[in-house]
K.L.:
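Okay, here's the structure, questions in a sec.
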Amino acid sequence: MVPIQILRAALLGIACVIVLPGCAAEGSRRSTGQYTDDVAVTARVREALIRAPGLRSNTIQVETYRGTVQLSGFADDEDSAANAIAAARQVPGVNEVRNNIQVRKPQ
């Protein structure tokens, strides 16, 4: 008979071999921690856009990948687009801001 402690240790070792590689970042993939960080950065950027003066934040989408924030959507004028970019850059955790905001007049 195999002692229960040896059996538990073996099962724990097998579980670690199976589970831990799934947490590691591979090439263009994000680890679980990176994904969680990106979700938090996205939320903070959205909050910053809501607080930005003169900006219709509901027309701008935010996506974050490894600390790089991409802003897309529409702004009423160049100043609004610039305000969105400036607000995003001030958020902790933002490494870079990519601007894909289109300027258009409201209808």
Side-chain angles (χ1 to χ4, degrees):
M1 237 142 157
V2 178
I4 193 75
Q5 291 84 6
I6 294 175
L7 184 58
R8 283 184 186 164
L11 289 175
L12 180 61
I14 291 170
C16 288
V17 168
I18 293 171
V19 173
L20 289 180
C23 296
E26 295 178 19
S28 63
R29 290 184 166 182
R30 291 181 284 189
S31 69
T32 304
Q34 289 169 328
Y35 175 80
T36 304
D37 291 345
D38 286 345
V39 169
V41 168
T42 297
R44 288 193 302 263
V45 169
R46 285 186 179 144
E47 181 180 346
L49 294 178
I50 290 169
R51 293 177 185 219
L55 183 63
R56 293 189 318 144
S57 62
N58 62 334
T59 62
I60 298 175
Q61 290 77 44
V62 180
E63 293 183 36
T64 307
Y65 185 78
R66 292 187 174 183
T68 298
V69 173
Q70 177 175 299
L71 301 177
S72 58
F74 300 98
D76 295 336
D77 53 40
E78 292 290 337
D79 288 339
S80 293
N83 286 344
I85 295 164
R89 284 188 176 139
Q90 298 299 316
V91 173
V94 172
N95 300 327
E96 179 184 350
V97 177
R98 294 188 180 169
N99 176 23
N100 290 325
I101 299 173
Q102 302 294 314
V103 176
R104 72 171 182 184
K105 296 293 179 188
Q107 299 175 354

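Residue indices begin at 1 and follow the sequence shown.
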K.L.:
Enumerate the side chain to side chain donor-acceptor pair (under 3.5 Å) contacts for residues 38-49, please, sequence neighbours excluded, ordered by first and then second residue.
P.N.:
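The answer is Arg30-Asp38, Thr42-Thr64, Glu47-Arg51.
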K.L.:
Under 3.5 Å, which donor-acceptor pairs do the side chains of residues 87-96 form with other protein atoms, sequence neighbours left out?
P.N.:
| unit_1 | atom_1 | unit_2 | atom_2 | d |
| --- | --- | --- | --- | --- |
| Asn95 | ND2 | Arg66 | O | 3.4 |
| Glu96 | OE2 | Arg98 | NE | 3.2 |

K.L.:
Roughly how far, to the nearest 0.5 Å, is CG of Leu71 from CD1 of Ile101?
P.N.:
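It is 4.5 Å, given to the nearest 0.5 Å.
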K.L.:
Rounded at 0.5 Å granularity, tell me how far CG in Leu55 sits from CG in Asp79.
P.N.:
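Here the rounded value is 11.0 Å.
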K.L.:
Under a single-linkage definition using a 4.5 Å side-chain heavy-atom cutoff for Ile, Leu, Val, Met, Phe, Trp and Tyr, are Ile85 and Val41 assigned to the same hydrophobic cluster?
P.N.:
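As far as the 4.5 Å side-chain criterion goes, Val41 and Ile85 are connected within one cluster.
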K.L.:
Going by the side chain to side chain contact (heavy atoms under 4.5 Å, CB included) test, name the single residue among Asn99, Asn100, Thr59 that passes it with Ser72.
P.N.:
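Going through the options one by one, the only one that passes is Asn100.
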K.L.:
Sort out for me which residue in Asp76, Asp77, Asn83 forms a side-chain hydrogen bond (donor to acceptor under 3.5 Å, both in side chains) with Ser80.
P.N.:
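For Ser80, the side-chain hydrogen bond (donor to acceptor under 3.5 Å, both in side chains) check succeeds only for Asp77.
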